[in-house]
Amino acid sequence: MINRLTIIGVGLIGGSLARALRQARVCREIVGCGRELASLRQAQALGVIDRIELDPGAAVMGADMVVVAVPLGAMESVFRAIAPHVGADAVITDVGSAKASVIGAARRGFGTMPAQLVLGHPIAGTERSGVEASYAELFAHRKVILTPLQQTARSAVERVRDMWQATGAQVVEMSVEHHDKILAATSHLPHMLAYTLVDTLARMGEHDEIFSYAAGGFRDFTRIASSDPQMWHDICLSNREALLAMLDLFIQDLGRLREAVGNNDSAYLLTLFQRAKQARDHFAQQFKA
Ligand code: NAP
């Protein structure tokens, strides 16, 4: 049971978490904090939060659980603002899409890495943003990755695990480095490809005609290019090294594909497509993707 949950950043992720925990009846009170009074009022009107606080320091006072769900670039300033006010026994967690950068933000914002700060990342989302896009079922049957450090209090990890499990999510633990490498491959690279493909086509002279003929495949592949640009700017720069490694690998493979098309290399093309189809079919069956 959470007595007072404070969510800083009541958008898609923060709002969905609040809705899910409310539905599970595990919070007595939910305090929402952000920069815009209008979006917090909307969250309150939607029944997502009970109380509004614009000042992060005031928002965390008396909270036993604090969830920071702001864009990665805003983590440090939020940590700095709450540091003097958050209770010694309160558990703090975040939902940022890259984890090593949050350690840096915490060290600068708190002046140290607090033992009660548990780094986390729900592997769930949509291309939409804001509290109006939030819904209670977002995390059901999805994974949440926690990346505790050696100095993280085990009791805090367990409280964050309990919170996410109450949303219907499956909680796993891994190291920060492993998380950032895996997410660069499965999430950050695909977003770069979708954004770049749409941008390349949009800058072509006949873009209206091109998009008018786009069918289901194009729609499937590019849905994520509608995601929030600021959020993805922050993710790119926060997980720079791991993303660069994946981009290099992909550029190398794309170069090989170009060469094969140029050389009418049927064997290369068929082998590549067969291997990829097999891998995708296997993955779709195993993980119900
Ligand atoms: P979002 O819908 O845009 O929500 C972000 C919220 O943060 C907004 O309510 C915004 O409200 C608030 N905010 C922004 N800057 C702030 C600041 N300086 N101080 C206080 N509040 C601030 O974004 P989201 O998709 O929920 O993403 C939030 C976090 O979740 C990000 O770190 C992202 O990496 C992570 N994440 C996203 C997804 C996804 O698919 N979207 C999945 C997993 C994790 P105001 O404008 O009112 O301040």
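Both ligands and their constituent atoms are indexed starting at 1 by order of listing. The chain is numbered in sequence order, starting from 1.
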- Write down the atom of Ile7, the atom of Val10, and the distance for their closest heavy-atom approach. O-CG2, 3.8 Å
- Minimum heavy-atom separation for Leu257 to Leu272, with atom names? CD1-CD2, 3.7 Å
Salt bridge present between [X] and [Y] (N-O < 4.0 angstrom):
X: Glu259; Y: Arg256; answer: no
X: Arg4; Y: Asp50; answer: no
X: Glu173; Y: Arg154; answer: yes

Identity and separation of the nearest protein heavy atom to [atom]:
atom: atom 4 (O) of ligand 1; answer: Gly11 CA, 3.3 Å
atom: atom 17 (C) of ligand 1; answer: Arg35 CD, 3.5 Å
atom: atom 39 (C) of ligand 1; answer: Met231 CE, 3.6 Å
atom: atom 40 (O) of ligand 1; answer: Gly125 CA, 3.3 Å

Is it true that [X] lies under 4.0 Å from ligand 1, counting heavy atoms only?
X: Thr126; result: yes
X: Ala124; result: yes
X: Leu72; result: yes

- Kindly assign one of parallel, tilted or perpendicular to the pair Phe139 and Trp164, based on the angle between their ring planes and the thresholds 30° and 60°. perpendicular
For ligand 1, which atoms sit closer than 4.0 Å to a heavy atom of [X]?
X: Gly130; value: 1 (P), 2 (O)
X: Gly96; value: 32 (O)
X: Glu36; value: 45 (P), 46 (O), 47 (O), 48 (O)
X: His121; value: 43 (C), 44 (C)
X: Ser39; value: 47 (O)

- Message: Could you walk me through whether Arg159 and Ile2 satisfy the side chain to side chain contact (heavy atoms under 4.5 Å, CB included) test, starting with their C-alpha distance in whole Å, then the side-chain angles of each, then the deciding distance to 0.1 Å, before giving a yes or no?
- Response: CA-CA 9 Å; Arg159 292 213 61 202; Ile2 298 168; 4.0 Å; yes
- Test of proximity, Leu12 against ligand 1: N or O pairs below 3.5 Å: yes
- Message: Applying the side-chain contact (heavy atoms from CB on, under 4.5 Å) criterion to Ile123, which one of Ile182, Thr186, Leu183 satisfies it?
- Response: Leu183
For [atom], the option (of [options]) bearing the nearest heavy atom:
atom: atom 31 (C) of ligand 1; options: Val70, Val68, Ile13; result: Val70
atom: atom 14 (C) of ligand 1; options: Pro71, Gly9, Ser16; result: Pro71
atom: atom 34 (O) of ligand 1; options: Ala98, Gly34, Ser97; result: Ser97
atom: atom 35 (C) of ligand 1; options: Ile123, Val95, Leu138; result: Val95
atom: atom 5 (C) of ligand 1; options: Pro122, Pro56, Ala69; result: Ala69
atom: atom 18 (N) of ligand 1; options: Gly120, Ser134, Ala74, Ser129; result: Ala74

- Determine whether Ser97 and His121 make a side-chain contact, defined as any pair of heavy atoms from C-beta on separated by less than 4.5 Å. yes
- Message: Between Gln252 and Asp248, is there a side-chain donor-acceptor contact under 3.5 Å, judged purely by atom types and distance?
- Response: no
- Message: Run Asp281 and Gln285 through side chain to side chain donor-acceptor pair (under 3.5 Å) and show every step you take.
- Response: CA-CA 6 Å; Asp281 289 350; Gln285 212 212 354; over 6 Å; no
- Query: Do the side chain of Ser226 and the main chain of Glu127 share a donor and acceptor less than 3.5 angstrom apart?
  - Reply: no
